Amino acid sequence: KTATRTAKAQAAAAAVPPGDDQGVTIGDFRNASIPDASVDLIFTDPPYDRKSLPLYGDLATFAARILKPGGSLVCYAGQYAMPEILANMTPHVRLWWIIYCQHTGQRARMTEYGVIVGWKPLLWFVKDTRRDKHTFVDDIIAGAREKDAHDWQQARVEAETLIEKLTDPGDVVLDPFCGGGTTCGAAKRLKRRWQSFEINAESAAIARGRIAEA
């Protein structure tokens with residue numbers, strides 16, 4: 001598996017022009033120098049194993065600083081951890097809505113809870129309030145399972161649907177947990193500006209290749 005991932009990263013790197021990072025910075029978003037009130041939308045998929053849950057609080061603190069007034073933060077979350085995630089985030093950003101993502105194909109079994117999981121929540125927060133309440137957002141999105149680029153990859157349709165609804169062409173979309181680059185690729189296709197951070201160099205290389213081809 002490691003050899004396959006390395007080969008993917010090398011192939012992706014070869015497809016990207018030298019010196020072009022495709023908007024993907026290798027590093028921790030918490031150390032990033034992003035200007036205050038400069039981002040229109042954060043769309044991201046943080047890790048939600050138990051030891052990583054404090055990252056949600058860091059993400060919310062980051063969002064409260066860099067989002068423009070009326071900007072949105074949309075993030076995936078695990079149902080099992082919702083109370084802790086919300087407790088970490090709501091002191092910093094305002095919960096606006098929860099979007100239901102229905103995934104087709106193979107369904108995970110949460111043996112600890114005795115539940116077969118067929119959907120995933122997207123938590124939608126805003127800075128102060130939503131800037132545009134006249135564009136309606138459907139709170140159910142159906143997407144196919146996609147894991148070709150990254151183990152925790154999410155469906156492209158979810159990123160594209162919400163980026164299109166929550167931003168305008170030329171707006172800035174940021175992903176602090178880039179992974180396979182799905183968010184950035186969607187932003188590029190929709191003619192938004194994008195920026196992202198990824199701590200794993202191989203994941204960053206794969207993401208850059210996918211973005212270059214988007």
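All values reported here derive from a predicted model rather than from experimental measurement. FYI, side chains are in, hydrogens and waters are out, and symmetry mates aren't considered; it's all heavy atoms of this structure.
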Are [X] and [Y] linked, directly or through other ILVMFWY residues, by side chains that come within less than 4.5 angstrom of each other?
| X | Y | result |
| --- | --- | --- |
| Leu166 | Leu59 | yes |
| Leu162 | Leu95 | yes |
| Ile34 | Leu41 | yes |
| Val117 | Tyr100 | no |
| Leu67 | Phe62 | yes |

If you look at every heavy atom in [X] and [Y], which pair is closest and at what distance?
| X | Y | value |
| --- | --- | --- |
| Ala155 | Tyr76 | O-OH, 4.2 Å |
| Cys178 | Ala207 | SG-CB, 3.7 Å |
| Val93 | Ala64 | CG1-N, 4.1 Å |
| Ala186 | Glu160 | CB-CG, 3.5 Å |
| Pro121 | Met82 | CG-SD, 4.2 Å |
| Glu198 | Gly179 | OE1-N, 2.8 Å |

Which residue in the set Arg192, Arg193, Arg131 passes side chain to side chain donor-acceptor pair (under 3.5 Å) when paired with Thr167?
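By the side chain to side chain donor-acceptor pair (under 3.5 Å) criterion, Thr167 pairs with just one of Arg192, Arg193, Arg131: Arg192.
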
Test side chain to side chain donor-acceptor pair (under 3.5 Å) applied to Lys68 and Asp171, Asp128, Asp40, the passing residue:
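Looking at Asp171, Asp128, Asp40, the match for Lys68 under the side chain to side chain donor-acceptor pair (under 3.5 Å) is Asp40.
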
About how many Å separate [atom2] of [Y] and [atom1] of [X], when rounded to the nearest 0.5 Å?
| X | Y | atom1 | atom2 | value |
| --- | --- | --- | --- | --- |
| Leu122 | Cys101 | CG | SG | 3.5 Å |
| Glu84 | Met89 | CD | CE | 12.5 Å |
| Lys165 | Ile141 | NZ | CD1 | 10.0 Å |
| Ile163 | Lys191 | CD1 | NZ | 14.0 Å |
| Ile42 | Ser196 | CD1 | OG | 12.5 Å |
| Thr44 | Leu55 | OG1 | CG | 10.0 Å |

Is any side-chain heavy atom of Tyr56 closer than 4.5 Å to one of Cys75?
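Of all side-chain heavy-atom pairs linking Tyr56 with Cys75, at least one is under 4.5 Å.
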
Between Trp194 and Val172, does a side-chain contact (heavy atoms from CB on, under 4.5 Å) hold up when you go through it step by step?
CA-CA 5 Å; Trp194 69 91; Val172 177; over 6 Å; no

[X] side-chain N/O to [Y] backbone N/O, donor-acceptor pair under 3.5 Å:
| X | Y | answer |
| --- | --- | --- |
| Ser38 | Pro35 | yes |
| Gln195 | Leu174 | no |
| Arg94 | Phe125 | no |
| Arg208 | Gln22 | no |
| Gln79 | Trp119 | yes |
| Arg130 | Asp132 | yes |
| Lys127 | Gly70 | no |
| Lys188 | Ile211 | yes |

Relative to the ring of Tyr113, is the ring of Tyr80 parallel (under 30°), tilted (30 to 60°) or perpendicular (over 60°)?
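Correct class here is tilted.
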
Side chains of Asp175 and Thr183 only: does a donor on one sit below 3.5 Å from an acceptor on the other?
yes

Less than 3.5 Å apart, any donor N or O on the side chain of Thr61 or Arg30 sitting next to an acceptor on the other?
no

Which of Asp139, Ile98, Leu73, Val137 passes side-chain contact (heavy atoms from CB on, under 4.5 Å) with Trp124? Answer is Val137

Can the ring centroids of Phe29 and Phe177 be said to lie less than 6.0 angstrom from one another?
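Distance test on ring centres: under 6.0 Å, yes.
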
For side-chain contact (heavy atoms from CB on, under 4.5 Å), just list the numbers for Arg156 and Arg189, CA-CA rounded to whole Å, side-chain angles, deciding distance to a tenth of an Å, and then say yes or no.
CA-CA 11 Å; Arg156 168 178 158 179; Arg189 283 185 288 272; 3.3 Å; yes

